[in-house]
Amino acid sequence: MLSEPRSGRLAAWGNALLAGLVSPDDAVLAIVGEDAVHRVEGLPGESAPVGLTLALGRLRTLRVTGLRVALPAPGHPLGLSGPPEFNARALEAEEAVVCHGAAFGLVPEVYEAGPEGDVHAEVVWHVLPVRQAPPADVPSLGEAERELAEALREATEVLSKLDVAGSGPVAEAAIDAYRARAERGREVLAPGYPPRAVRVLELAQRVGLLVSLAYGNGHGGAVSSAEMRARTEALRPVERTARRAQVAAYNAYVEERERGAR
């Protein structure tokens, strides 16, 4: 969770494009990010993969009105609604985009290409049928914000006792680099999202960064098996809470549109 998931970029900027808030060129540039190219395979009416610009336009003609994110993990089908085939592909990729208004979902498959020293990522989004039903385990923005604050306090207390994460020069350097990237103008979400969604996503990404640092710092001061288990038990719910908050933030655009339509 050190970087924005590809499904998050596709959903956020796809939503902005569907709302007419950004141009197709700007949306595609933001979605592709540092990857070399994105293609979409399996679109109805297309026999071969197509580019993002054509794909997003085709989704609009298929009556897609919004895009949601799913970030599932083993035992936690976060943001998914079935069927099992789509859920399995999304779980393997650890992310997916689910269309609102039409029964389609998109799962990314990432390939590495290029010579040694100049390797780049190419992404193919596979379009698959989905079940139109409420997504699993996605909180509201308010719930996500409260859960994040509580989980962060609890985890910080436990991890500080174990002397493993969120402190020391390595952690501080990583956090400084994270802040520098944000200050260079990286947009956390696309136009059209409420300020609270931006705030929740920023906090979720920071919490995810601390979790990644904790896992990446080896055993730290947790020298006994009991202490290592305690660290794992402390991190697991925090990571789950951060993922739930990310999904709530990305999905806020569709949720607000649904509330406004009622």
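Residue numbers count from 1 along this sequence. From a predicted model like this one, the values you see are computed outputs, not experimental measurements.
- For Ala88, there are no side chain to side chain contact (heavy atoms under 4.5 Å, CB included) partners at least two apart in sequence or on another chain.
- Residues Asn87 and Gly82 come closest through the heavy atom pair OD1-N, 3.2 Å.
- For Asn251, there are no side-chain hydrogen bond (donor to acceptor under 3.5 Å, both in side chains) partners at least two apart in sequence or on another chain.
- For Ala242 against Gly208, the heavy-atom pair with the smallest separation is CB-N, 4.3 Å.
- Residues satisfying the side-chain hydrogen bond (donor to acceptor under 3.5 Å, both in side chains) criterion with Arg244, sequence neighbours excluded, are Asp137, Glu147.
- Salt-bridge check for Arg243 with Glu239: passed, with a basic side-chain N closer than 4.0 Å to an acidic carboxylate O.
- Checked against side chain to side chain contact (heavy atoms under 4.5 Å, CB included), Arg196 has the following partners two or more places apart in sequence or in another chain: Leu141, Glu145, Arg199, Val200.
- By the side-chain hydrogen bond (donor to acceptor under 3.5 Å, both in side chains) test, Arg131 pairs with no residue at all, sequence neighbours left out.
- Applying the salt bridge (Lys or Arg N to Asp or Glu O under 4.0 Å) test to residues at least two apart or on different chains, the pairs with a partner in residues 56-80 are Glu46-Arg58, Arg68-Glu255, Arg68-Glu258.
- Residues Asn15 and Leu67 share a closest heavy-atom pair of OD1-N, 2.7 Å.
- Annotation: side chain to side chain contact (heavy atoms under 4.5 Å, CB included) contacts of Ala113 (sequence neighbours excluded): His120, Glu122.
- In this structure, the side chain to side chain contact (heavy atoms under 4.5 Å, CB included) partners of Val127, at least two apart in sequence or on a different chain, are Val40, Leu43, Phe104, Leu106.
- In this structure, Val107 shares a hydrophobic cluster with Leu80, Phe86, Val98, Leu128, Val130, the cluster being traced through Ile, Leu, Val, Met, Phe, Trp and Tyr side chains under 4.5 angstrom apart.
- Applying the salt bridge (Lys or Arg N to Asp or Glu O under 4.0 Å) test to pairs two or more places apart or on separate chains, none has a residue in residues 76-104.
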Return all side-chain donor-acceptor pairs below 3.5 angstrom for residues 24-31, not counting sequence neighbours, or 'none' if the list is empty.
residue: Asp26; atom: OD2; partner: Ser23; partner atom: OG; Å: 3.3

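- Sequence neighbours left out, the pairs with a member in residues 105-118 that pass side-chain hydrogen bond (donor to acceptor under 3.5 Å, both in side chains) are Glu109-Tyr111, Glu109-His126.
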